[in-house]
There are 2 protein chains.
Amino acid sequence: MVTESPAVTSAGSPPGDHDLEPRSTRERILDISLDLFTSQGYDKTSLRQIAERLGFSKAAIYYHFASKEEILLALHLRLHEFGREALAQLDSSEATPEVWASLLDRMIEQMLSQRALFIFHERNQAAIENLHQERHEADHDDLQMRFRQALSNRELPIEVRVRMACAIGAVMGSIAFAGDVFGDVPSDELGAMLRGAVGSLLELPSS
Amino acid sequence: MVTESPAVTSAGSPPGDHDLEPRSTRERILDISLDLFTSQGYDKTSLRQIAERLGFSKAAIYYHFASKEEILLALHLRLHEFGREALAQLDSSEATPEVWASLLDRMIEQMLSQRALFIFHERNQAAIENLHQERHEADHDDLQMRFRQALSNRELPIEVRVRMACAIGAVMGSIAFAGDVFGDVPSDELGAMLRGAVGSLLELPSS
DNA sequence: GTCTATATAGGGATAGAC
DNA sequence: GTCTATCCCTATATAGAC
């Protein structure tokens with residue numbers, strides 16, 4: 001699959017310039033794909049299905065995206081935007097529990113405003129990881145990678161690192177694992193509770 | 001897909017009786033599949049690949065499993081065994097924070113002794129959920145479903161339910177999300193830390 | 001930009017020899 | 001129990017008309 005793409009347009013810019021129209025077909029494709037990929041999974045979703053919902057035919061999609069994988073990538077990058085500042089924070093300072101807490105603090109807002117995107121991401125981990133193995137932009141750009149990296153930092157005691165892992169797990173779990181269980185809870189309330197939970201996890205008696 | 005299977009052998013018992021041999025081909029197929037499904041994802045793994053590793057041909061697998069999905073199911077059921085007692089506990093009593101804590105207490109041991117299985121499960125959520133939608137044994141048997149059900153219980157205050165979700169997220173995240181980051185930490189140590197984290201999350205000041 | 005038609009391949013599954 | 005050979009379907013992707 002994907003034997004060799006000679007000139008990858010990276011973020012998936014189509015041949016022509018449709019950057020002019022604010023929310024055009026390209027965005028619609030992404031929205032529909034997000035929906036289908038989340039409910040059925042990436043692999044079980046065919047381009048035909050996507051085209052069906054769009055109202056036009058399969059081949060039309062290829063005008064906007066070079067391949068099915070490009071759609072997945074574009075969606076992944078959408079999510080990625082939200083991780084940019086978090087990454088910056090991880091770059092500038094060591095990942096102490098304090099930094100971690102403020103990092104999660106920001107993330108909670110973003111996750112809550114983009115639940116669908118996170119759930120999609122969680123449910124399609126396998127597909128997305130395959131993407132990373134094929135391209136190589138992943139290594140230091142990817143959020144998850146960077147988190148793992150931070151958690152691997154031997155300079156921090158293992159107790160602290162595990163707590164940090166728990167904190168991120170608690171946040172992601174409450175959104176992704178729980179699915180729509182808390183769907184009716186207002187975001188700011190849920191956010192406050194999650195911040196509280198993170199606080200409980202990271203306030204170590206030893207510090 | 002899977003138009004209608006007239007007589008599903010449920011757990012996937014093969015035509016003949018090979019229950020005699022202790023760890024035969026069937027188990028080897030599962031072991032190899034677990035490995036491949038985890039690293040590449042279910043959909044990207046072909047039966048040919050599995051057969052290759054086994055040392056014999058694709059068609060031979062069909063003697064042991066009626067379909068590729070049966071392999072996935074069998075693997076899912078492996079994991080499921082570990083959730084049985086947890087389910088029993090959820091049945092017998094209301095899911096209070098105390099019950100939840102002791103439930104997670106058990107789960108932590110099991111997850112740590114079966115990390116590979118849990119990681120496989122997490123990375124292939126989409127595929128497994130598709131399985132659930134096709135068959136119908138899922139509804140009240142599935143672990144994840146039951147957890148969500150418990151988290152939906154309106155009789156508990158939302159703060160408590162969110163904390164419970166955080167607790168399970170913390171545990172699963174530290175094992176699945178973190179991947180092999182804590183692979184070198186002895187299970188009993190890691191277990192102790194996770195139990196500590198669960199404790200911090202579930203001990204609410206209000207109680 | 002969107003369509004139809006078509007090329008192509010890969011993978012799941014079956015039949016039947018050994 | 002394992003193998004070979006083969007069927008068949010689906011899905012990606014391309015070519016070219018409109």
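Residue numbering restarts at 1 for every chain, and letters A, B, ... go by the order of the sequence lines.
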*Members of residues 53-61 of chain A that approach DNA chain D, where some heavy atom sits under 4.0 Å away*: K58(A), A59(A)

*asked:* Using whole Å, what does the distance between atom P of nucleotide dG12(C) and atom CD of E70(B) come to?
replied: 14 Å

*asked:* Check the phosphate of dG1(D) against Y63(B), side-chain N and O only, distance under 4.0 Å to OP1 or OP2. Yes or no?
replied: yes

*To the nearest angstrom, how far is L47(B) atom CG from dC7(D) atom P?*
19 Å

*Sequence-distant partners of E129(A), salt bridge (charged side-chain N to carboxylate O under 4.0 Å, His left out), two or more places apart*: R123(B)

*Please collect all ring pair (Phe, Tyr, Trp, His ring centres under 6.0 Å) contacts where either partner lies in residues 101-129 of chain B, sequence neighbours excluded, each pair once.*
H76(B)-H121(B)

*Go through the structure and list residues passing salt bridge (charged side-chain N to carboxylate O under 4.0 Å, His left out) with D31(A), not counting sequence neighbours.*
R23(A), R78(A)

*Side-chain contact, heavy-atom cut-off 4.5 Å: E122(B) with E122(A)?*
yes

*When the distance from NE2 of H64(B) to C1' of dT2(D) is rounded to whole Å, what number comes out?*
8 Å

_L201(A) backbone acceptor or donor facing R163(A) side chain under 3.5 Å_ = yes

*With sequence neighbours left out, what residues match R28(B) under salt bridge (charged side-chain N to carboxylate O under 4.0 Å, His left out)?*
none

Going by atom type alone, with no hydrogens or angles, which donor-acceptor pairs under 3.5 Å involve a side-chain atom of residues 82-89 of chain B and a protein atom two or more places apart or on another chain?
unit_1	atom_1	unit_2	atom_2	d
E85(B)	OE1	R106(B)	NH1	2.7
E85(B)	OE2	Q110(B)	NE2	2.8
Q89(B)	NE2	S102(B)	OG	2.7

_I need the NZ-C1' distance between K68(A) and dT14(D), as an integer number of Å._
18 Å

*Starting at NZ of K44(A) and ending at P of dA11(D), how long is that distance when rounded to a whole Å?*
10 Å

*Starting at atom CZ of F65(B), determine the distance to atom P of dT14(C), rounded to an integer number of angstrom.*
15 Å

*Respond yes when some side-chain nitrogen or oxygen of T25(B) is under 4.0 Å from OP1 or OP2 of dT2(D), and no when none is.*
yes

*Just how far, in rounded Å, is C1' of dC3(C) from CZ of R48(A)?*
16 Å

_N or O in side chain of Y62(A) less than 4.0 angstrom from dA13(D) OP1/OP2_ = yes

*Just how far, in rounded Å, is P of dG12(C) from CG of D43(A)?*
11 Å

